[in-house]
Asker: 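Below are the structure tokens for one structure; questions will follow.
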Amino acid sequence: MNHWLMKCEPDVFSIDDLEKQKVEGWYGIRNYQARNMMRDAMKIGDLVFFYHSNVKVPGIVGIMEVISAPYPDPTQFDPKHRYFDPKSTPENPRWVQVDVQYVRHTKRNITLQELKEDETLEDLPLVRRGNRLSIMPISAQSWTRILARENLTAE
DNA sequence: GCCAACGTTGGC
DNA sequence: GCCAACGTTGGC
């Protein structure tokens with residue numbers, strides 16, 4: 001099983017929204033590197049950290065599970081949608097999404113700041129300078145270490 | 001709201 | 001295929 005982290009702006013879609021909905025199609029990936037990882041490496045049953053980006057205290061706020069294989073992101077075909085891609089066709093779709101299911105909130109916001117300060121997480125793409133990937137793989141070791149932070153007292 | 005760091009686009 | 005211009009991401 002693989003582990004992942006996926007970013008989302010909570011103003012657009014938050015962990016609370018996912019809890020209410022239970023399931024959501026993770027549409028809107030428009031970066032080739034992110035897409036390739038989703039398309040080629042993401043499997044049903046994989047666990048994913050839900051990360052809130054572009055907020056006052058960015059960080060990991062929940063866990064979700066991949067419950068579908070990758071399939072074409074419908075928004076790429078919708079001319080009215082902001083994620084419309086005129087170069088993509090149903091016969092040859094460019095962008096994919098997966099369905100994710102709510103698992104749980106983390107006990108607290110595991111903040112970007114504390115992840116940066118954790119020396120054991122130096123390989124985490126998230127804390128590397130200039131990283132803008134909205135989907136990234138998390139090693140099993142990092143996954144365990146990040147989860148262990150849950151029970152620490154927030155500083 | 002600013003802006004650094006990227007990714008993408010398109011002229012050549 | 002280079003690279004300047006442009007758009008976007010996302011922390012701060």
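In what follows, chains are A, B, ... by sequence order, proteins preceding strands, each numbered from 1.
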Asker: Would you grab the first and last nucleotide of DNA chain C (5' to 3') that comes under 4.0 Å of any non-hydrogen atom in chain A?
Answerer: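 Endpoints of the contacted stretch of DNA chain C: dG7(C) to dC12(C).
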Asker: Need one value for Lys56(A): base, sugar-phosphate or nothing, where a base atom within 4.0 Å counts as base even if backbone is also close, heavy atoms only.
Answerer: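 The residue Lys56(A) makes no contact with any strand.
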Asker: Can you give each donor-acceptor pair under 3.5 Å made by side-chain atoms of residues 130-137 of chain A, sequence neighbours left out, with the distance rounded to 0.1 Å?
Answerer:
unit_1: Asn131(A); atom_1: OD1; unit_2: Leu133(A); atom_2: N; d: 2.9
unit_1: Asn131(A); atom_1: ND2; unit_2: Pro125(A); atom_2: O; d: 3.4

Asker: Tell me which residues in residues 129-138 of chain A lie within less than 4.0 Å of DNA chain B, going by non-hydrogen atoms.
Answerer: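 Heavy-atom cutoff 4.0 Å gives Arg129(A), Gly130(A), Arg132(A).
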Asker: Apply salt bridge (charged side-chain N to carboxylate O under 4.0 Å, His left out) to residues Glu114(A) and Arg108(A) and explain how you reach the verdict.
Answerer: CA-CA 12 Å; Glu114(A) 66 181 281; Arg108(A) 60 186 188 84; 3.0 Å; yes
Asker: Please enumerate all residues that pass ring pair (Phe, Tyr, Trp, His ring centres under 6.0 Å) together with Phe13(A), with sequence neighbours excluded.
Answerer: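 Partners of Phe13(A) by the ring pair (Phe, Tyr, Trp, His ring centres under 6.0 Å) criterion come out as none, since no residue qualifies.
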Asker: Could you tell me which residues satisfy ring pair (Phe, Tyr, Trp, His ring centres under 6.0 Å) with His81(A), sequence neighbours excluded, listed by chain and number?
Answerer: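 Expected list: Tyr27(A), Tyr83(A).
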Asker: Only distances under 3.5 Å count here; give the side-chain donor-acceptor pairs of residues 42-51 of chain A to other protein atoms, sequence neighbours excluded, each with its distance to 0.1 Å.
Answerer:
unit_1: Asp46(A); atom_1: OD1; unit_2: Asn2(A); atom_2: N; d: 3.0
unit_1: Asp46(A); atom_1: OD2; unit_2: Trp4(A); atom_2: NE1; d: 2.9
unit_1: Asp46(A); atom_1: OD2; unit_2: Lys43(A); atom_2: N; d: 2.9

Asker: Can you list everything that forms a salt bridge (charged side-chain N to carboxylate O under 4.0 Å, His left out) with Asp78(A)? Sequence neighbours excluded, please.
Answerer: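 Expected list: none.
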Asker: In residues 62-71 of chain A, what donor-acceptor pairs under 3.5 Å come from side-chain atoms, sequence neighbours left out?
Answerer:
unit_1: Ser68(A); atom_1: OG; unit_2: Asp99(A); atom_2: N; d: 2.8
unit_1: Tyr71(A); atom_1: OH; unit_2: Gln97(A); atom_2: NE2; d: 2.5
unit_1: Tyr71(A); atom_1: OH; unit_2: Asp99(A); atom_2: OD1; d: 2.5

Asker: 5'-most contact on DNA chain B: Asn54(A) or Asn31(A), nearest heavy atom basis?
Answerer: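 Result: Asn54(A).
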Asker: Can you list the residues that meet the side chain to side chain contact (heavy atoms under 4.5 Å, CB included) rule with Lys87(A), with sequence neighbours excluded?
Answerer: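 Listed in chain order: Asp85(A), Arg94(A).
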